[in-house]
J.: 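Here you go, one structure.
In what follows, every heavy atom counts, from backbone to side chain, and hydrogens, waters and symmetry copies are set aside. Per chain, numbering begins at 1; letters A, B, ... match sequence-line order. This is a predicted model, so every value here is computed, not measured.
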Amino acid sequence: MQFSITLKQDAEKSYSASDLGFLLHKNPHNHHVKDIKLGVARVLYPEVSDDSCTACLHVDIDSINLVRNYQGPANRHTLKQYVNDRPYAANSFLTVAISRVLGTALGGTCNKKPELAAKALPLTVDIPVLPTRGGSQLISELFEPLGYVVKSTPLVFDTELESWGNSPYCQVTLSGTLTLSELLKHLYILIPVLDDEKHYWVDEDEIEKLIRHGGEWVSNHPAKHLIVSRYLKKQGYLKKQALDILDINESVVSELQKNDGSLLDDVEAKAQYGEAKLEKPIRLNDLRIQKVVEAIRLKDVTSIIDFGCGEGRYLREFLKQPKLKRVTGIEVSTSELLKAEKLLKTDRLPEQARDKLKLLQGSLTYFDKRTQGYDFATCIEVIEHIDEERLDAFKSSVFGFAAPRYVMLSTPNAEYNVLFETLESGEIRHTDHRFEWDRATFRKWCREICDEYGYTAVFDFIGEEHKEHGGPTQMALFEKDESAQSKP
Amino acid sequence: MNKDIVVPELALVAMVGISSSGKSSFAKKHFLNTEIVSSDTCRGIVSNDENSMEATKDAFELVDYIVRKRLERGLLTVVDATHVQRDSRKSILKAAKDYHCMPVAIVVDPSMEVCVQRHSERDDRNFHTGVLSTQQRQLKATLKQLKREGFRYIYRLDTMEAIDNATITRQPMWTDKKALKGPFDIIGDVHGCFNELIQLLEKLGYSVKKNNDDRFDVSAPSDRKAFFVGDLVDRGPNNVEVLRLVMDMVKGGTALCVPGNHDVKLNRYLTGRKVQLTHGLEETVQEISYESEEFRNEVSEFIDGLVGHMVLDEGKLVVAHAGMKSEYQGRGSAITRSFALYGETTGETDEYGLPVRYNWAKDYRGKALVVHGHTPIPESEFYNNTICVDTGCVFGGKLTALRYPEKQLVSIPAESVYYEPIKPLISTDNDAANHSSQQIDDENLYLEDVTGKRFITVEHGAAIKIEADRSASALEVISRFSVHPKWMNYLPPTMSPPSASKLDGYLEHPNEAFQYYREQGISTVVCEEKHMGSRAVIQIAKDVETAQRIFGIMTEEQGIVYTRSGRRFFNDSNLEANFLKKLSSAISASNTWETLNTDWVTIDCEILPWSMKAIELIKQQYAAVGCASTHANAALVDVLEKVSARGIDVQPLLAQKKESLDNATQFKNTYKNYCWNVSSLADIKVAPFHILASEGATHTDKNHSWHMDTIANIAGADTELLLKTQYHVVNLNDAQQIKDTTDWWTKHTNQLGEGMVVKPLDFLAKGKKGLVQPALKVRGREYLRIIYGMDYLQDHNLSRLKERGIGTKRRLALGEFKLGIESLRRFVSHAPLRHVHECAFGVLALQSEPGDPRL
């Protein structure tokens, strides 16, 4: 991976373009090589003259070493593959190289030409392969507010197979008049933000880097929330600290997080981010929680079970309800359960709360004796993650076998999708959604449950109701009809 | 005189005696150390003081806990405590009752002087001798109570001599017939249907001769034995003849018999007790009244001598009239006997006024097959490892026998309806028409039956261990993605490559695969072309009804295609239906249904193109990398050329990067070779390579030539859909054959073919340490670019890549293979779904073990 910086001489000829060598502390007549972790960084000058000088920072990644000695976050499947884009697309290895090889220039220091280091210069950066997770317009959204003229050309997957469309990379040229240090700082922060990936564990040190290299400009950047969130790999506790330091209000950012499903791979992660962004203005998740808590208040219940509890955001609310003496979360994904343990701080809960709470790995398509004997069950945004052909197993497990007195169940209302601006027609909100139902389909399905298992259902929406399309989330509250003869 | 103390093999023995009476020494002398639970030891364990009175409560709770654990596991247990107090005996009796075993009391009661003398000599018992007198008084009272309290065997040793000379005899349980292995022909409720019984016996190969004295001489085929599940009499036309025949067979050693409720009721009548002459008993009574008193006594003695249920064949088979829960098997108590005769009822009555029976078989999870009668049903079927063989002959059904261990059913239809059933024999439930009770029950599996740490027994080799965290991963995959477990009788195993090639410029080469099998003592292998598509399993039946009957699915599908992780292969159900229809036409046209004598089949195959299922992966991983590398390398080459033109020496680097640029093109050509557009069925190709299972058979006993020939035959019937797989059978000692095959592999892979799979000719091939690898994949040089990276052949890369460990991969491949064929075996033998599913679960669990994904 690489980028090239070109400096042109100004009209007044107040400096020679080849002074770029001084600014970078790298002699244009040499081939500079430096070992960095898992690879080699080089500085090469393809063009050196008074008019124009180009320096190229190139990083060669040893992908065999990368795969065999990889110790970073495990969620990125492709980093464990020899076939991966890390050696080619600009990413966090390049930022490591910026600080290791061009650290002095990054800091804005130049002993030989201090006035040039402090001067806004006509600089152009060429990045042949820049990952753009979030679409190529994100490049403009990130760089234009910083004063660059952005030229980005999407790269097609395969020139022989046009139907495959564009790859997630762009060839990008950025031109602007600014100091070299500013330019390097922008690249330092924004390359990993665009890539949305880091090859190492993100911890407190990362805040320090963000403040050091972005402190002056991130807080005024219109995309500051996205920058912080992605730079810190969406790790809530880090993000909050950083936002406090940068003095950015967190409220909107929390909406970037979504609590359903585990991150299976990068494609899904993207989709996940997309769904949260989609539903952001209406803060659906909070409304869902409110709705459940209201329902519990009104009913005579002392125990609750959350089917598909994910990272436990509902459980956290349930634990606060004094009337609930037993609170259980069922989740199939062990990684989500670990997140729930963290969120609920299970190791630090007072004894009483600890006795109340159970987190269990379980599946909604098997009978599970541990799920029996609860008053109230929640199934919030769960069924759409189950294949339609397996829904019968879900119904019999929840309504037939676990058979709580109340079940609150919600799922997206497909009719509402037309109101999401960023969703194309016929598209669904999340790549892991196996279906999204319209109101009629959902209600018919619910009524079948009522007939078969002896429940009555009341329908409702979550989120603002549209005259024609209904609410964004549709919901049913089932109540067991004690008088009815249900199937065993 | 020696006193012989008889103790049932499964008993709870209470030693009774005061302190220092010598009961502990007695127990130690006659029982294993591990069989004795001592209250003093438990006092010590909970309090560090064996004399602690304060710890009594905790100590006895511990005693009780240990006793119950042992009884649950069916082990004789001796409790060493004074037991002179009623409360301590109560907990003994309660535990014995709860676990259905005999409570035995052995009272050790030498004279008081002996005890006092011993007490004074001991320095570990520091209480006053007054305690002894108190205990002695309590013992006296105890002696009178023991029988009334419920101890079934009571022995008192009241002299030193008796104590010293006593012997213990362990008496096997009446129910324990584990040594009898059969084979058996287990016959359902006869109810006086003599003619049908004779016909059935003859059909089973018995010859029945009636002697002049009206008694029967029966000879059994080879070493078989008939086994009657009881209810020989009542309702039918010829009860006395049936009794006579069965008694003669039992006497003659050609039959075994357990009692039925009707038989027992007859005996109650015969022994003069008051019984209601209903439910067909009056006819039997009438019939038997014409017989001699001698005969009636014989019948009475015969029934009286029958054991309620029997555990046979090393515990693998249990026979009882009304069935037997696993907790009761091999145990003797009034409750287990009652269960054997009547089963359990729920206390409710149904719409016909009959008591509702507790469906014990629904919850049955025992290891032994339970064969029973009692409840007439239209057809015998295996259900949770139980089977009812009462097919209501007397009600006009048929008389059925189960051949064990063959598990075949043989039956004779009733000659007439001898007795009108109170409720109809044929269930009117629509579901039952095409589905067995097992299949209806199996619509939902219980989580506890498949998850957690498991040891899955397989036919070949030791049980396979599945760790709990691995089965947790499997649960996630199955719950989120897989098709109904009913479809999944098989998941394919992972496959190992050979060890790294010793040749320059190759990571993998046929030589090492041949060498592996040669070292394992395999002489012939088959080398099959490896198609680059997506691995799939096809379940296909002749028609929808067959699919429902075989797989128990409730949908209207002729079959299914699913991926190696159990996910439905086709997103488009019409496409899938057409695919299956086309495939079944080919199977029909090639007469394969007939050849295999089946109407369904499980096929292991590769479906092409790769891009059909994997297009997102191809784009996001392969095409993305192809695109990024081309642009990145081109940009770098451009920079390097300019740098070079400026007189700076970067030649070696430039040469390397130019080569990388070419490699990127090669890389793209490779993956694109496995991609084409699928707009209709005509674009899809299937390359089957194993016929895994069909009716009554897994085909793991056939060699790979058979599989290839059978498949080629089907493929011949539809060359549009089906690909014939090229293959070579290679004698590993024939250099020419090896050379020819290697040349073929080289040519095939140079044309961007994926490679070949080398298998021992036999599906199940044993080497020095059990089964050998079922297959090794030898992938081509070009193909491996998409696995190891486009530049993997560059020297500095290849030399490192050759250092790779394949041990884990091979262990997993073999484990998954064993689970896969076990799963098929269980499926074709109609095991409950949880037993089949457990194997599929196991395969996914093993696949979630961290391993090198590139191997």
Side-chain angles (χ1 to χ4, degrees), chain A residues 1-2 4 29-31 44-48 56 58 63-64 68 78 80-85 87-89 126 128-129 131 155-158 160-161 163-165 167-169 171 262 266-267 332-334 361-370 385-387 389-390 392-393 396-397 400-401, chain B residues 443-448 450-451 469 472-473 475-476 478-484 554-555 568 616 619-629 631-636 638-643 646 648-650 653 667-668 672 675 677 785-792 797 800-801 853-854:
Chain A
M1 75 203 78
Q2 67 185 49
S4 299
H29 302 293
N30 292 340
H31 169 193
L44 300 152
Y45 287 85
E47 185 193 19
V48 182
C56 171
H58 181 267
S63 55
I64 294 175
R68 290 195 173 173
T78 49
K80 287 176 259 166
Q81 298 285 341
Y82 287 115
V83 176
N84 74 59
D85 68 356
Y88 313 112
D126 182 72
V129 185
L155 302 175
V156 296
F157 270 123
D158 195 305
E160 294 172 16
L161 290 167
S163 65
W164 286 14
S167 75
Y169 312 106
Q171 188 269 317
S262 68
D266 198 56
V267 179
V332 75
S333 156
T334 45
Q361 195 210 14
S363 161
L364 304 185
T365 49
Y366 292 83
F367 286 170
D368 186 344
K369 291 179 183 160
R370 301 169 305 173
H385 293 275
I386 300 173
D387 282 338
E389 63 178 296
R390 300 295 291 132
D392 281 349
S396 50
S397 298
F401 190 78
Chain B
E443 193 55 18
N444 284 84
L445 291 174
Y446 284 80
L447 195 60
E448 63 197 36
V450 288
T451 51
D469 59 335
S473 307
L475 179 65
E476 186 172 350
I478 289 198
S479 302
R480 295 192 58 184
F481 301 116
S482 88
V483 298
H484 198 298
M554 307 286 171
T555 53
R568 193 179 279 271
E616 274 313 305
K619 274 158 77 168
Q620 299 306 327
Q621 189 180 355
Y622 296 94
V625 172
C627 160
S629 64
H631 287 278
N633 281 322
L636 181 60
D638 180 53
V639 167
L640 288 170
E641 278 175 341
K642 287 177 178 157
V643 172
R646 290 184 53 230
I648 297 170
D649 181 20
V650 287
L653 187 60
F667 169 80
K668 289 201 241 179
K672 278 194 278 186
C675 301
N677 264 335
R785 286 188 201 277
I786 69 172
I787 306 296
Y788 285 95
M790 56 197 76
D791 294 332
Y792 88 102
N797 288 332
R800 288 182 297 164
L801 288 171
R854 293 158 298 271

J.: Given heavy-atom pairs under 4.5 angstrom as the criterion, report whether the side chain, backbone, both or neither of B:D469 touches chain A.
T.: neither

J.: Which heavy atom of A:Q361 sits nearest a heavy atom of B:A472, and at what distance?
T.: NE2-O, 2.8 Å

J.: Select one option (side chain, backbone, both, neither) describing which atoms of B:S482 are under 4.5 Å from chain A's heavy atoms.
T.: backbone

J.: Under the side-chain contact (heavy atoms from CB on, under 4.5 Å) criterion, do A:Y88 and B:N633 qualify, and how do the steps go?
T.: CA-CA 8 Å; A:Y88 313 112; B:N633 281 322; 4.2 Å; yes

J.: Can you say whether B:K619 sits under 4.5 Å from chain A via the side chain, the backbone, both, or neither, judging by heavy atoms?
T.: both

J.: Nearest heavy-atom pair of A:Y169 and B:C627: which atoms, and what distance?
T.: CD1-SG, 4.2 Å

J.: Can you tell me how far the OH atom of B:Y788 sits from the CD1 atom of A:I64, to the nearest 0.5 Å?
T.: 10.0 Å

J.: Are side-chain heavy atoms of B:N444 and A:F401 found at a separation under 4.5 Å?
T.: no

J.: Assess whether salt bridge (Lys or Arg N to Asp or Glu O under 4.0 Å) is satisfied between A:E160 and B:K668, documenting all intermediate values.
T.: CA-CA 10 Å; A:E160 294 172 16; B:K668 289 201 241 179; over 6 Å; no

J.: Heavy-atom cut-off 4.5 Å, strictly under: side chain, backbone, both or neither for A:S63 against chain B?
T.: neither

J.: So, B:Q621 side chain and A:V83 main chain: donor-acceptor pair closer than 3.5 Å or not?
T.: yes

J.: If we define contacts as heavy-atom pairs under 4.5 Å, which of B:Y622, B:Y446, B:F667 has the most with chain A?
T.: B:Y446

J.: Could you tell me which portion of B:R568 (side chain, backbone, both or neither) has an atom closer than 4.5 angstrom to a non-hydrogen atom of chain A?
T.: side chain

J.: Looking only at atom types and distance, does a side-chain atom of B:R646 sit under 3.5 Å from a main-chain N or O of A:Y45, one as donor and one as acceptor?
T.: yes

J.: Counting heavy-atom pairs under 4.5 Å to chain B, which of A:D387, A:D126, A:I386, A:V48 comes out on top?
T.: A:V48

J.: Roughly how far, to the nearest 0.5 Å, is the CD atom of A:Q2 from the CG atom of B:D638?
T.: 8.5 Å

J.: Hey, which of B:V450, B:L447, B:I648 has the most heavy atom pairs under 4.5 Å with chain A?
T.: B:L447

J.: What is the minimum heavy-atom distance between A:F157 and B:A623, and which atoms define it?
T.: CD2-CB, 3.5 Å

J.: If you compare all heavy atoms of B:E476 against all heavy atoms of A:V332, which two are closest, and at what distance to 0.1 Å?
T.: CA-CG2, 3.6 Å

J.: Could you check if a side-chain atom of B:V643 sits within less than 4.5 angstrom of a side-chain atom of A:H31, using non-hydrogen atoms only?
T.: no

J.: Just so I understand: if I count every heavy-atom pair under 4.5 Å between each of B:T451, B:L801, B:N797, B:N677 and chain A, which residue has the most?
T.: B:L801

J.: Under a 4.5 Å heavy-atom cutoff, which of A:E47, A:R370, A:Q171, A:H29 has the most pairs with chain B?
T.: A:H29

J.: Counting heavy-atom pairs under 4.5 Å with chain A, which one of B:R785, B:E641, B:K642 comes out on top?
T.: B:K642

J.: Rounded to the nearest 0.5 Å, how far apart are OG of A:S167 and NE2 of B:H631?
T.: 7.0 Å

J.: Looking at A:V129 and B:A632, what are the two nearest heavy atoms and their distance?
T.: CG2-N, 3.7 Å

J.: Looking at A:D158, A:L364, A:T365, A:L161, which makes the most heavy-atom pairs under 4.5 Å with chain B?
T.: A:D158

J.: For B:T555 and A:E389, what are the C-alpha separation, side-chain angles and deciding distance, and is it a side-chain contact (heavy atoms from CB on, under 4.5 Å)?
T.: CA-CA 9 Å; B:T555 53; A:E389 63 178 296; over 6 Å; no

